[in-house]
Amino acid sequence: MPVQDVQYENIKRTDDASRRQEKLSDDDKKLVDEKFENIQRKAEASWMLDLLKGDYNTMVDEHVDKKLLDDYNDKKLVEERNKKKLVDIDNDNEMVGEHDDRKLVHERNETKLIDKDNDKDTVGKYNERKLADKDSDMDTVGKYDERKLADEHVDKKLVDEHDDKKLIDENNDKEMVDEHADKKLIDEHDDFHPTIDPDTHDEERSQSPTPRSAAGDAMALHELLSDPIDVEASAEATGVVPATITVIEPPNSVSQGRRSAIGRRATGGDKRRRNSVEPATENTVKVAISSSQGRRSSIGRHLIANKAEKARRASVDQETRTRDEQIAAILCPRTNAERLEILCAYSSLFNEELIPALKQKLTGDFAHLILATMETPARFDAIQLHQAIHTLSKFTGLSTKNHALIEILCTRSAAEIRAIKNEYRHMFDSYLENDISKVTWHHLMHLFMWLCSAVRDESEPIDRQRAHQDATALYAAEAAHFSRDSTFFAFILSTQSISQLKVILNEYRHIAGVDFEKVVDRDFSGDFREALTAIIMTVNDELPIYFAHRLHKALHGIGSHDTSIIRLIVARSDIDMLAICEEYERLYNSTVEHDIKAYCSGCYREGLLHLIHRS
């Protein structure tokens with residue numbers, strides 16, 4: 001209803017009410033006024049309600065529009081965010097691609113640097129070889145020049161040598177006369193003092209037993225190591241007489257002029273003054289040069305001095321060889337306990353240690369052999385393990401050291417391994433397990449760690465039910481192709497006692513119908529297979545076969561294997577060397593002695609043969 005109509009009705013009602021009020025009483029007026037107020041209130045309420053409804057609808061429309069606008073904006077924002085995400089993903093992909101490109105470039109640069117270093121090493125080696133070739137060429141040229149100069153002076157020396165030979169022949173005649181006289185005196189002396197036949201004396205001495213006294217051996221060693229090498233005695237023993245050159249210039253005499261060797265030969269002129277030679281009893285050749293003969297060539301004196309030096313060196317080498325042979329004959333035929341007694345006797349008799357004296361006098365592989373025989377078995381094994389761990393092979397990296405670790409750890413008992421660990425800790429201030437873990441990996445490291453723990457209890461009784469369970473588990477793992485995960489195999493073979501392992505392997509043979517060693521050869525490879533094989537051969541009492549194979553490989557392998565030869569022969573010389581030699585001959589149709597003689601030489605060979613023959 002329009003506002004104006006409402007107002008008109010209100011006015012009209014007001015006029016009508018005013019006319020009627022006059023006729024009404026006060027109470028009626030009050031009732032009319034209340035009714036009028038109610039009607040007025042209702043009219044105002046209806047007007048306000050219409051007004052409010054219109055505002056409400058407007059507000060609803062505005063809210064709907066605003067909501068639609070917000071939804072549109074939200075969709076727009078979502079689309080923008082999705083676009084930004086796609087852009088960020090593209091940027092991330094580009095950054096990843098750039099990172100990969102940089103990584104590839106970095107790797108290529110590293111490979112280039114490595115190639116450059118290799119090229120530098122190659123160039124350096126080439127330059128070293130070039131310099132060595134130049135030095136050899138220079139040496140060749142120098143030798144050629146020396147030979148040329150020597151050839152030039154040959155003519156001059158011929159006449160001098162002819163004269164010297166004459167003088168030497170005269171001296172030899174005198175020596176023969178003196179020797180004849182000495183023999184006469186010796187014969188006269190023998191008539192009064194009968195001699196002993198050396199052949200019968202040697203036979204009697206060989207038949208008498210050789211006493212093995214630690215004190216006597218210590219005294220003999222002290223005499224050999226303390227006495228200096230006597231060159232004259234060694235020369236008499238070998239028949240090599242070193243010459244001593246003494247050049248004497250006599251006082252000036254009347255000059256007779258210079259005559260060439262060719263002129264003297266052509267004209268047969270006056271002979272120049274001969275060089276004076278002292279008697280040969282003092283083993284000295286003295287050359288006197290007169291001023292009338294001119295200056296003697298320095299090359300001739302140099303050649304004579306070289307001959308004397310070679311003779312002296314030959315005498316010293318022979319004396320050294322004789323001393324080393326005597327040392328080997330004393331120490332190598334003894335057992336390890338007897339050698340330790342010799343060490344104690346030497347220290348108590350002379351108040352000094354024998355091993356430092358041996359290190360000072362001996363050299364090369366012979367020194368390594370003798371020093372190895374002077375150690376206790378546990379100490380020797382500890383030294384070998386330390387050398388194997390801290391020494392890399394030039395060709396195969398870690399394989400050489402792994403062979404030494406396998407030979408020692410896989411063939412020793414738990415008590416021996418505990419003694420080796422104690423010696424290693426005492427000598428090198430380090431734990432054996434820690435050092436082994438630095439140079440081995442994966443299953444081989446696990447096997448070595450369990451062996452070093454030395455948990456095998458040989459006094460434990462055999463448990464056949466447990467052996468059957470372990471054999472069944474091994475067969476199930478092998479049948480399920482689980483053998484590539486070698487930890488289970490390593491754990492069984494390295495923690496069970498030898499007697500328990502024998503029962504386990506027998507049970508496995510009954511269950512699988514095949515030897516466990518064949519399964520190891522088929523399913524494993526490398527050093528881990530060799531370690532498991534060594535343990536299995538230890539269980540089957542086949543260590544002589546194992547060590548015969550290792551010794552043959554050391555004697556016939558590529559490269560130098562003297563360390564392995566010494567380790568094998570010294571370690572087994574007091575245990576089963578005889579059985580090893582028998583298995584060696586059976587397997588390879590050759591004796592250990594024959595192959596050592598073919599491969600080794602000198603006193604080193606003699607010492608090895610003493611160790612083998614003693615067993």
Side-chain angles (χ1 to χ4, degrees), residues 195-240 312 314-380 383 423 427 566 569-571 573-574 577 600-615:
T195 59
I196 299 173
D197 187 3
D199 296 333
T200 58
H201 180 68
D202 290 339
E203 290 177 0
E204 292 174 358
R205 185 175 60 183
S206 62
Q207 291 174 359
S208 62
T210 302
R212 291 198 172 185
S213 170
D217 290 340
M219 293 176 66
L221 288 172
H222 184 267
E223 184 179 356
L224 290 171
L225 295 173
S226 60
D227 291 343
I229 295 175
D230 190 358
V231 177
E232 293 182 358
S234 62
E236 292 177 0
T238 57
V240 179
R312 188 188 68 80
S315 301
V316 172
D317 291 342
Q318 181 61 30
E319 178 70 15
T320 304
R321 180 180 174 83
T322 303
R323 180 198 64 196
D324 292 348
E325 287 178 351
Q326 293 176 359
I327 292 173
I330 293 172
L331 294 177
C332 293
R334 271 52 173 174
T335 63
N336 186 260
E338 291 172 345
R339 287 191 289 266
L340 295 179
E341 291 178 0
I342 293 172
L343 276 177
C344 296
Y346 192 95
S347 177
S348 60
L349 286 173
F350 307 107
N351 198 21
E352 60 178 299
E353 297 297 329
L354 175 59
I355 291 179
L358 291 172
K359 288 181 180 179
Q360 184 179 2
K361 293 292 184 180
L362 306 181
T363 58
D365 293 327
F366 179 70
H368 297 157
L369 175 64
I370 294 299
L371 294 175
T373 59
M374 303 306 294
E375 303 290 350
T376 62
R379 187 179 177 89
F380 176 68
I383 294 171
E423 289 290 343
M427 293 176 65
I566 293 171
I569 293 180
V570 171
S573 60
D574 289 347
M577 198 65 222
C600 307
S601 62
C603 299
Y604 170 56
R605 176 180 62 191
E606 298 300 323
L608 293 175
L609 294 177
H610 278 301
L611 290 171
I612 293 171
H613 291 158
R614 179 176 59 78
S615 61

Side chain to side chain contact (heavy atoms under 4.5 Å, CB included) partner of Tyr604, chosen from Leu609, Ile566, Asp324 | Ile566
Apply side chain to side chain donor-acceptor pair (under 3.5 Å) to Arg379 and list each qualifying residue two or more places apart in sequence or on a separate chain.
-> Glu375
Grab the two heavy atoms, one from Cys603 and one from Glu325, that are nearest each other, plus how far apart they are.
-> SG-CG, 3.6 Å
Over all heavy atoms of both residues, which pair between Pro333 and His610 is shortest? Give the atoms and the distance, please.
-> CG-ND1, 3.8 Å
Evaluate the side-chain proximity of Thr335 to Ser573: yes if any heavy-atom separation is below 4.5 Å, no if none is.
-> no
Gap separating the CZ atom of Phe380 from the CG atom of Asn336, nearest 0.5 angstrom = 10.0 Å
Do any N or O atoms from the side chain of Ser347 and from the backbone of Leu343 form a donor-acceptor pair under 3.5 angstrom?
-> no
Please test Lys361 against Ile327 for side-chain contact (heavy atoms from CB on, under 4.5 Å), starting from the C-alpha separation and ending with a verdict.
-> CA-CA 11 Å; Lys361 293 292 184 180; Ile327 292 173; 5.9 Å; no
Leu354 and Leu225: CA distance, side-chain angles, deciding distance, side-chain contact (heavy atoms from CB on, under 4.5 Å) verdict = CA-CA 9 Å; Leu354 175 59; Leu225 295 173; 3.7 Å; yes
Spatial distance of atom CD (Glu353) from atom CE (Met374) [nearest 0.5 Å] = 10.5 Å
Out of curiosity, Asp217 CG to Glu338 CD, how far, rounded to the nearest 0.5 Å?
-> 8.5 Å
Determine whether Phe350 and Met219 make a side-chain contact, defined as any pair of heavy atoms from C-beta on separated by less than 4.5 Å.
-> yes
Hey, does Leu611 have a side-chain heavy atom less than 4.5 Å from the side chain of Met577?
-> no
Point-to-point distance, once rounded to the nearest 0.5 Å, from CD1 of Ile355 to CD of Gln360 | 14.0 Å
Residues at least two apart in sequence or cross-chain that pass side chain to side chain donor-acceptor pair (under 3.5 Å) with Gln326, listed by chain then number, are none
Residue pair Leu331 / Leu221, side-chain heavy-atom distance below 4.5 Å = yes
When the ring planes of His222 and Tyr346 are compared, do they come out parallel, tilted or perpendicular, using 30° and 60° as the limits?
-> tilted
Looking at residues at least two apart in the chain, or sitting in another chain, which of them share a side chain to side chain donor-acceptor pair (under 3.5 Å) with Glu341?
-> none
Inspect the contact between Arg323 and Glu319 and indicate whether a charged nitrogen and a carboxylate oxygen are less than 4.0 angstrom apart.
-> no
So CD1 of Ile569 and CG of Leu608: to nearest 0.5 Å the spacing works out to 4.5 Å
Measure the spacing between CG of Asp574 and CZ of Arg339 and express it to the nearest 0.5 Å.
-> 6.0 Å
Return the minimal non-hydrogen interatomic distance between Ala328 and Gly607, and the atom names on each side.
-> CB-CA, 4.3 Å
